[in-house]
Visitor: 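Take a look at the following structure, please.
These numbers come from a predicted model, not from an experiment. Atoms considered below: every heavy atom in the structure, side chains included; atoms not considered: hydrogens, waters and symmetry mates. Every chain is numbered from 1, with letters handed out A, B, ... down the list of sequences.
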There are 2 protein chains.
Amino acid sequence: MGVTKTENFTKSQNQLAAYAKALAHPARVAIIEYLLKHQTCICGDLVDELPLAQATVSQHLKELKQVGIIKGEIEGSSICYCIDNKVWNEAKDMLVNLFMSKVTKNTCC
Amino acid sequence: MGVTKTENFTKSQNQLAAYAKALAHPARVAIIEYLLKHQTCICGDLVDELPLAQATVSQHLKELKQVGIIKGEIEGSSICYCIDNKVWNEAKDMLVNLFMSKVTKNTCC
DNA sequence: AAATATTATCGCAATATTACGATAACACAA
DNA sequence: TTGTGTTATCGTAATATTGCGATAATATTT
């Protein structure tokens with residue numbers, strides 16, 4: 001993210017930005033949508049599903065895992081990914097909270 | 001954003017990612033929060049408010065303007081920024097829609 | 001017109017992201 | 001053990017982001 005001065009912003013602002021960043025790439029949006037659709041978790045079907053190389057998909061999964069939105073579990077020789085409800089709800093709450101605070105009109109513009 | 005293969009994803013996925021990206025930096029979150037708090041729009045109070053140089057603030061404003069979330073209007077010798085309700089609501093709808101589709105538990109993990 | 005105030009843009013350096021092939025690491029099967 | 005399938009990691013190239021000083025552009029004031 002370049003040379004971001006994270007220390008000058010609040011924890012909440014940084015956390016919200018981190019969640020937003022997790023969704024800031026169409027491939028990761030696609031991954032999340034897939035995981036939401038197939039309530040049940042899946043594995044490397046994502047590699048077939050997405051128009052990206054296996055290494056790239058793995059990298060996107062890593063980012064989502066790092067921010068906590070998804071988690072993986074070993075399932076035989078493959079790995080089963082799914083949404084982490086706790087983190088997912090926290091992200092939802094932070095975003096919904098931000099968006100809901102907009103009431104009506106501006107005084108100018 | 002690196003060498004993103006945007007053309008291989010849906011319009012909706014790219015649009016959602018673009019909105020998320022707008023919020024993917026604490027400075028831009030801070031700008032949005034400020035604009036939401038001061039229902040009325042403001043100008044370069046943001047430069048005083050944020051721990052960043054004027055040029056940097058201007059750059060973040062430009063990004064928010066490009067995605068459409070905010071808009072600016074000339075107000076004398078300064079510029080008045082505010083949230084664009086139409087775009088803001090569209091972003092809200094897309095994000096809320098994504099987050100609300102998560103129902104209950106996973107079958108594994 | 002000249003000075004001042006406000007915002008945008010340019011140019012640059014440092015760092016991060018995206019993508020992929022190659023390869024490692026691991027579990028399971030033959 | 002030797003393969004086979006699955007996922008992670010490494011290394012690298014291309015591009016994007018972040019930040020800031022310097023400067024341009026514009027409007028207002030003197």
Visitor: Pick base, sugar-phosphate or nothing for A:Thr4, based on heavy-atom distances below 4.0 Å to the nucleic acid.
Guide: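 It contacts sugar-phosphate atoms only.
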Visitor: Return yes if a side-chain donor-acceptor contact under 3.5 Å exists between A:Glu73 and A:Tyr81, otherwise no.
Guide: no
Visitor: Out of D:dT6, D:dC20, C:dG21, which has the shortest distance to the side chain of B:Ala55?
Guide: D:dC20
Visitor: Can you measure B:His60 atom NE2 to D:dC20 atom P for me and round it to whole angstrom units?
Guide: 9 Å
Visitor: Nearest of D:dT7, D:dT18, D:dG21 to any side-chain atom of B:Ala53?
Guide: D:dG21
Visitor: Nearest whole Å is fine: how far is C:dC20 C1' from B:Lys5 NZ?
Guide: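 Going from B:Lys5 (NZ) to C:dC20 (C1'), I get 9 Å.
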Visitor: To the nearest Å, give me how far apart CG (B:Asn8) and P (C:dT18) are.
Guide: 15 Å
Visitor: Please check if the side chain of A:Arg28 supplies one atom and the backbone of A:Ala22 the other of a donor-acceptor pair under 3.5 Å.
Guide: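 A pair under 3.5 Å: yes.
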Visitor: Counting only N and O atoms by type, is there a donor-acceptor contact under 3.5 Å from the side chain of A:Asp84 to the main-chain atoms of A:Lys71?
Guide: no
Visitor: Of the listed nucleotides (C:dA19, D:dA27, C:dA8), which one gets closest to any side-chain atom of B:Ser77?
Guide: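 Of all the options, the side chain of B:Ser77 is nearest to D:dA27.
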Visitor: Is there a donor-acceptor pair closer than 3.5 Å between any side-chain N or O of B:Asn89 and the backbone N or O of B:Asn85?
Guide: yes
Visitor: Using a heavy-atom cut-off of 4.0 Å across all strands, would you classify B:Ser78 as base, sugar-phosphate, or nothing?
Guide: sugar-phosphate
Visitor: Output yes when at least one side-chain N/O atom of A:Thr56 is less than 4.0 Å from OP1 or OP2 of C:dT18, else no.
Guide: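 Checking A:Thr56 against C:dT18: no side-chain N or O falls below 4.0 Å of OP1 or OP2.
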Visitor: Starting at CD1 of A:Ile79 and ending at P of C:dA27, how long is that distance when rounded to a whole Å?
Guide: 10 Å
Visitor: When the distance from CG of B:Leu52 to P of D:dT17 is rounded to whole Å, what number comes out?
Guide: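 Rounded to the whole Å, the gap is 17 Å.
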Visitor: Of B:Glu63 and B:Ile74, whose nearest nucleotide on DNA chain D comes first from the 5' end?
Guide: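 Going by which nucleotide is closer to the 5' end, it is B:Glu63.
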Visitor: Expressed in angstrom and rounded to an integer, what is the separation of A:Lys21 atom NZ from D:dT18 atom C1'?
Guide: 11 Å
Visitor: With the side chain of A:Lys62 defined as its heavy atoms from C-beta on, choose the nearest nucleotide among D:dT9, D:dT18, C:dA8.
Guide: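 The nucleotide sitting nearest to the side chain is D:dT9.
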Visitor: Closest heavy-atom contact between B:Val87 and B:Ile69?
Guide: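 So the two residues come closest at CG1-N, 3.8 Å.
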Visitor: Between B:Val3 and B:Gln59, which is nearer to the 5' end of DNA chain D once each is assigned its nearest nucleotide?
Guide: B:Val3
Visitor: Do any side-chain nitrogens or oxygens of B:Tyr81 fall under 4.0 Å of OP1 or OP2 in C:dT6?
Guide: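 Indeed not, no polar side-chain atom of B:Tyr81 lies that close.
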Visitor: Report the distance from atom CD of A:Glu49 to atom P of D:dT7, rounded to the nearest whole Å.
Guide: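 The answer, rounded to whole Å, is 14 Å.
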Visitor: Round to a whole Å and report the spacing from CD of B:Gln54 to P of D:dT26.
Guide: 16 Å
